[in-house]
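Comments concern the structure below.
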There are 2 protein chains.
Amino acid sequence: MAKAKRVLKWQRDPEGMRIRILEAAKQEFSAHGLAGARVDRIAANAGANKRMLYYHVGNKEDLYLEVLEGAYEQIRAEERTLDLEHLDPPKAIERLIDFTWNYFIRNPEFLALLNTENLAKARHLKRSTKVKSMHSPFVEMIRTVVNRGVESGDFRVAVDPVQLYISIAGLCFFYLSNSATLSVIFGRDLLKKEARDERLAHMVALVLAALTGKSTADFGKPKPAGLRAAAIQPV
Amino acid sequence: MAKAKRVLKWQRDPEGMRIRILEAAKQEFSAHGLAGARVDRIAANAGANKRMLYYHVGNKEDLYLEVLEGAYEQIRAEERTLDLEHLDPPKAIERLIDFTWNYFIRNPEFLALLNTENLAKARHLKRSTKVKSMHSPFVEMIRTVVNRGVESGDFRVAVDPVQLYISIAGLCFFYLSNSATLSVIFGRDLLKKEARDERLAHMVALVLAALTGKSTADFGKPKPAGLRAAAIQPV
DNA sequence: CGAGAAATTAACCCGTTGGATAAATACTGT
DNA sequence: ACAGTATTTATCCAACGGGTTAATTTCTCG
């Protein structure tokens, strides 16, 4: 019997709604920063009413913090799958660089969120119990790799793993996070495939050369001068 | 004849006013970003009326661009005084790192402005004829140093000077620009004197080791484990 | 010294924005 | 089927913030 199904004006979907809100908020905050983000735009992009944000999450800052915490959770989760313990030390470092680089490329919002949070002097992160309790074994993982490398003779010196981690992250982060201004200033597109490949090779070569003392082929390889003769300028 | 000098309500000082406005704007934009900056606050901190901003410079975005251009001009000017040509290659690289590092420390607003501009995808910089015409001989300077180093046998490989510059800038920039979040996450103050000194030594050692193939004493030197046992976590 | 230009102040305008209130609609268990 | 609750929509609003208008004061130069 054709029971005329009544057409609903809307359906309930609290979990889905929450996810859509947080995803929209992530895009908005990473695209415009905390102050530049618009609550109405988040709602619209989440396919929701503005009131929903306050119902499901809280005010703008709560929303922002939740997004930030989510971003940290995500990278921590992926880090845990890295297990560098089974690789020989140089391979492990290469893999670490490769992972960091590609994670940043795949998640440009993460970079923007970190910049936004640093503009705020980590004010929200300090408040977050969640992030502080997310102890990652990452640095210890690196320490182990370095120690193994020294013992095996692959590495010449026992570098501080925290410094090494910051260096690797910095090499990747700065290039990608500042690619817009750098591209203008150097007059070339730093995000195109070839440029990205070249950068990865450079970083791996730089770090491994410093650790092992052996230079790799890719380390040098300056591009033909003509290609970057035009606008050459730093920062 | 006691001519009762009339007390003025205010004095004219267009140049001074302009300077104070731009300085206040630099502080405001670097502290809050473009969207977070408040025109009234800039006026107040410049000891001026809000109308003055529009009279002397233009609207908020004009003001921002002028600040950004000024920041670039300033670092370019200091770069030009570096002349690395007279130093032997390893010393020249060390000096370059040292300069970059200390410039960033002395001018934290510069870092924040760059981040803000990158959040805007370099939208303003692209519009700026000024910055694009500020051709700096900086990269050529680095190229010369590298070439000299290769010829003298100090350096093992001819690294691309653009990559090298981005790497050096990145090592410095990321550490300082992200010091707030990193300090929370690693649970230690990355900006205190000892930490800064340690970082500089690490960067110099890392880059020189990669270039020369000789490791320096400072490269390793991990801190006693107890000092950083507590909260160890990356990014 | 006085008129016109330059610099500065004071007050206002109006769209935007974060947030709040209240009403409507869809579910759920009984 | 229906009462009660969870979820969503529809409006509203007060503060804020960038920008403007108009009047006021100081300076300059003939």
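To find a chain, count down the sequence lines: A is the first, B the second, and so on, and within it residues start at 1.
Of the candidates D:dG18, C:dT8, D:dT25, D:dT25 carries the atom nearest the B:Lys9 side chain, counting heavy atoms from C-beta on. Closest approach to the B:Met52 side chain among D:dT20, C:dG19, C:dT9 is made by C:dT9 (side chain taken as heavy atoms from C-beta onward). Listed nucleotides C:dG19, C:dA26, C:dA6 differ in distance to A:Lys50; the shortest reach to its side chain belongs to C:dG19. Comparing D:dA10, C:dT17, C:dA6 by their closest approach to the side chain of A:Asp40 singles out C:dT17. Distances from the side chain of B:Leu8 to the nucleotides D:dT26, D:dG19, D:dT8 place D:dT26 closest.
Backbone-only engagement by B:Arg38 is indicated by non-hydrogen atom pairs under 4.0 Å involving sugar-phosphate atoms exclusively. B:Ala35 comes within contact range of no nucleotide atom at all, as no heavy-atom separation falls under 4.0 Å.
Judged by closest nucleotide on DNA chain D, A:Arg51 is the one of A:Arg51 and B:Trp10 placed further toward the 5' end. Sequence order on DNA chain C of the closest nucleotides to A:Lys60 and B:Asp13 puts B:Asp13 first from the 5' end.
The separation between B:Ile19 atom CD1 and C:dA7 atom C1' is 16 Å, rounded to whole Å. Atoms CD (B:Gln11) and C1' (D:dT24) sit 17 Å apart, rounded to a whole Å. Rounding to whole angstrom units, OH of residue A:Tyr54 and P of D:dT8 are separated by 17 Å. One interatomic measurement links the two molecules: OH of B:Tyr55 to P of D:dG19, which rounds to 19 Å at whole-angstrom precision. One can place CG of B:Leu53 at 12 Å from C1' of C:dT8, the figure rounded to the nearest angstrom. The nearest whole Å value for the distance from the CZ atom in B:Arg12 to the P atom in D:dT24 is 16 Å. As rounded to whole Å, 12 Å separates atom C1' of C:dA6 from atom CD of B:Glu15. Here C:dT8 presents its P atom at 10 Å from CG of B:Asn49, a figure rounded to the nearest Å.
Judged purely by distance below 3.5 Å, without hydrogens or angles, the side chains of B:Arg199 and A:Ser167 pair a donor atom with an acceptor atom. Side-chain contact annotation: A:Asn45 with A:Glu23, donor-acceptor N/O pair under 3.5 Å absent. Inspection of the A:Glu117 and B:Thr181 side chains reveals no N or O donor paired with an N or O acceptor under 3.5 Å.
For C:dA6, neither phosphate oxygen OP1 nor OP2 lies less than 4.0 angstrom from any side-chain nitrogen or oxygen of B:His56.
Counting all heavy atoms, side chain and backbone alike, B:Ala92 lies closest to B:Val145 at CB-CG1, 3.8 Å. Nearest heavy atoms, A:Leu113 versus A:Tyr64: O-OH, 4.0 Å.
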